[in-house]
S.K.: 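Provided herewith is a single structure, encoded as structure tokens, for subsequent inquiry.
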Number of protein chains: 2
Amino acid sequence: MAKLDLFKFVPFRLNRLGAEVSAALSSEYRARYGLDIPEWRVMATLGFRNEACSAQYIAQCTRTHKSTISRAVTSLLEHGLIERVENADDRREFRLRMTHKGQALYEELIPRLLRREQEILSCLTAQERKEFARLLGKIEDSLDLVQASRPMSEVEAY
Amino acid sequence: MAKLDLFKFVPFRLNRLGAEVSAALSSEYRARYGLDIPEWRVMATLGFRNEACSAQYIAQCTRTHKSTISRAVTSLLEHGLIERVENADDRREFRLRMTHKGQALYEELIPRLLRREQEILSCLTAQERKEFARLLGKIEDSLDLVQASRPMSEVEAY
DNA sequence: TTTAGATAGTTGCAAGTGAGACTATCTCGC
DNA sequence: GCGAGATAGTCTCACTTGCAACTATCTAAA
């Protein structure tokens, strides 16, 4: 009889680990800064890229549904963490960028999150961490999740 | 200025990959067998263990909220895939086990899922797959996710 | 034995999310 | 230029889920 041990089944393990790690990190930006996960993803995308991005671009990068991003953007606008710039070339879309307030929050939050990531990975040696990242990358590539890490210009006709 | 590249940030990558892999697999049991993820987790737990389990135990193993498991159990009962056995020793709890119909579904589904897992991991060599599983295990251990893989008897006083 | 507190499972409620309709705008071919 | 189809972003709806309250039952201690 065919059997499957859920605890050795990689899809289940990835899902469980992803949820666990996300929960561990979200306490950092939720409780402390009032951001939820989609809001954090918008901030992270804007913070990493220097140019202003469209909501669409953020949705593609983070693999988050556009309606979820739209709600996150609305909330961040209301809290004064980001602002919208009209795009004269295409009036359907808006370019988004962080305000000074948003930048300040970002600068304070990032080191905390990086520290948390290091804590989570501290059970691995430096060599193992590297290898883990490499293997993750191979799987991401094969599932075509790489699009996200390509520069903006390759994703869309920017 | 501190920066964080979302696409090199392991928590984000794990979360995204987990969601992606889950989605790929769930099409297998959703479209074909009408199971959702919590229902599949109940079936997987019952199928792997030979004895009947309580809902509580399944919730702990799979790290799924007990109300979610409760709803999944109700649905599986309605579809005749599992059955409940009263526990004379403790009338608060029920032992759950698959019906013949449930077993038949399980037997048909498992090979498909294992094949899918292999497809997803086919981008890695045998050696890499082993190493990936080992590293996943180390992280799970350090996050105390291991409870799930301990035998039933260690989790609860069974 | 009685009672307080723990535990198994269910359910109502509120929050979050994806699908898809919708509006406004753009692009391309005629 | 004009109309068909594509695209950006918003909004409504339905669904899922976690939380917390609730019921029933068990355990332990006075």
Side-chain angles (χ1 to χ4, degrees), chain A residues 15-16 18-20 22-23 26-27 29-31 34-42 45-46 52-78 82-96 152 155-158, chain B residues 15-16 18-20 22-23 26-27 29-31 34-42 45-46 52-78 82-96 152 155-158:
Chain A
N15 202 46
R16 187 181 54 168
E20 198 69 17
S22 244
S26 75
S27 66
Y29 45 78
R30 184 186 305 267
L35 300 181
D36 62 19
I37 291 181
E39 286 163 15
W40 150 245
R41 289 186 175 177
V42 171
T45 306
L46 294 181
C53 314
S54 69
Q56 180 65 19
Y57 173 72
I58 298 173
Q60 289 179 354
C61 278
T62 60
R63 292 230 155 193
T64 306
H65 196 276
K66 64 176 181 168
S67 60
T68 303
I69 295 297
S70 172
R71 285 183 269 256
V73 164
T74 301
S75 166
L76 292 171
L77 285 169
E78 281 167 1
I82 64 174
E83 58 192 359
R84 297 213 283 200
V85 188
E86 283 207 14
N87 180 355
D89 289 343
D90 184 341
R91 301 217 317 283
R92 289 172 304 178
E93 81 168 34
F94 300 91
R95 298 303 180 88
L96 302 166
M152 203 163 170
V155 174
E156 286 277 84
Y158 267 62
Chain B
N15 203 45
R16 187 181 54 168
E20 198 68 20
S22 245
S26 74
S27 68
Y29 44 77
R30 184 185 305 267
L35 299 181
D36 62 19
I37 291 181
E39 286 163 14
W40 150 244
R41 289 185 174 177
V42 171
T45 307
L46 294 180
C53 313
S54 70
Q56 180 64 22
Y57 171 74
I58 297 173
Q60 289 180 354
C61 279
T62 61
R63 293 232 154 191
T64 306
H65 197 275
K66 64 176 181 168
S67 62
T68 303
I69 295 297
S70 172
R71 285 184 265 255
V73 164
T74 301
S75 167
L76 292 172
L77 285 169
E78 281 167 1
I82 64 174
E83 58 193 358
R84 297 214 283 200
V85 188
E86 282 207 14
N87 178 357
D89 290 342
D90 185 341
R91 300 215 318 282
R92 288 172 304 180
E93 81 167 36
F94 301 89
R95 300 303 180 88
L96 302 167
M152 206 162 169
V155 174
E156 286 276 85
Y158 265 63

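Naming: A, B, ... by sequence-line order, numbering from 1 per chain.
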S.K.: Where do N or O atoms of nucleotides 26-28 of chain D meet protein N or O atoms at under 3.5 Å, pair by pair?
M.R.:
residue, atom, partner, partner atom, Å
D/dC26, OP1, B/Arg91, N, 2.9

S.K.: Between C1' on C/dT10 and CG on B/Leu76, what's the gap in Å once rounded to a whole number?
M.R.: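 The answer, rounded to whole Å, is 16 Å.
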S.K.: How many Å lie between CZ on B/Phe94 and P on C/dT7, as a whole number?
M.R.: 19 Å
S.K.: Please name all residues satisfying side chain to side chain contact (heavy atoms under 4.5 Å, CB included) with A/Arg84, sequence neighbours left out, ordered by chain then number.
M.R.: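 Partners of A/Arg84 by the side chain to side chain contact (heavy atoms under 4.5 Å, CB included) criterion, ordered by chain and then number, come out as A/Leu77, A/Phe94, A/Leu96.
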S.K.: Whole angstroms only, please: what is the CZ-P distance between B/Arg84 and C/dG9?
M.R.: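 Going from B/Arg84 (CZ) to C/dG9 (P), I get 9 Å.
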S.K.: side-chain hydrogen bond (donor to acceptor under 3.5 Å, both in side chains) with A/Asp36: which residues, sequence neighbours excluded?
M.R.: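 Counting only residues at least two positions away or on another chain, A/Asp36 forms no side-chain hydrogen bond (donor to acceptor under 3.5 Å, both in side chains).
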S.K.: Tell me, please, which residues at least two apart from B/Ser26 pass side chain to side chain contact (heavy atoms under 4.5 Å, CB included).
M.R.: B/Tyr29, B/Arg30, B/Ile37
S.K.: Quick one: A/Tyr57 OH to D/dT7 P, roughly how many Å, whole number?
M.R.: 18 Å
S.K.: Go through the structure and list residues passing salt bridge (charged side-chain N to carboxylate O under 4.0 Å, His left out) with A/Arg92, not counting sequence neighbours.
M.R.: A/Asp90
S.K.: Quick one: A/Leu96 CG to D/dG9 P, roughly how many Å, whole number?
M.R.: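 Answer to the nearest Å: 7 Å.
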S.K.: Mind calculating the distance between CZ (A/Arg41) and C1' (C/dT17) to the nearest angstrom?
M.R.: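 Going from A/Arg41 (CZ) to C/dT17 (C1'), I get 12 Å.
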S.K.: In B/S/- notation, 5' to 3', how is nucleotides 16-22 of chain D contacted by protein heavy atoms closer than 4.0 Å?
M.R.: -BBB---
S.K.: Quick one: list whatever passes side chain to side chain contact (heavy atoms under 4.5 Å, CB included) with A/Ser70, sequence neighbours left out.
M.R.: none
S.K.: According to side-chain hydrogen bond (donor to acceptor under 3.5 Å, both in side chains), who are the partners of B/Ser22, at least two apart in sequence or on a separate chain?
M.R.: A/Asn15
S.K.: If you measure from CD1 on A/Ile69 to OH on A/Tyr57, what distance do you get to the nearest 0.5 Å?
M.R.: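 Nearest 0.5 Å value for the CD1-OH distance: 12.0 Å.
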S.K.: B/Arg95 has an atom CZ; how far is it from atom C1' of C/dG9, in whole Å?
M.R.: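 Roughly 14 Å, once rounded to whole Å.
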S.K.: Thinking salt bridges, do A/Glu20 and B/Arg63 make one under a 4.0 Å N-O criterion?
M.R.: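 Here A/Glu20 pairs with B/Arg63 in a salt bridge, since their nearest N and O are under 4.0 Å apart.
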S.K.: Are any of A/Ser70's side-chain N or O atoms less than 4.0 Å away from OP1 or OP2 of D/dG9?
M.R.: no
S.K.: Got a second to check how far B/Arg16's CZ is from A/Cys61's SG, nearest 0.5 Å?
M.R.: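 The CZ atom of B/Arg16 sits 9.5 Å away from the SG atom of A/Cys61.
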S.K.: Tell me the interatomic distance from A/Ile58, atom CD1, to D/dA8, atom C1', rounded to whole angstroms.
M.R.: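 After rounding, the gap between these two atoms is 13 Å.
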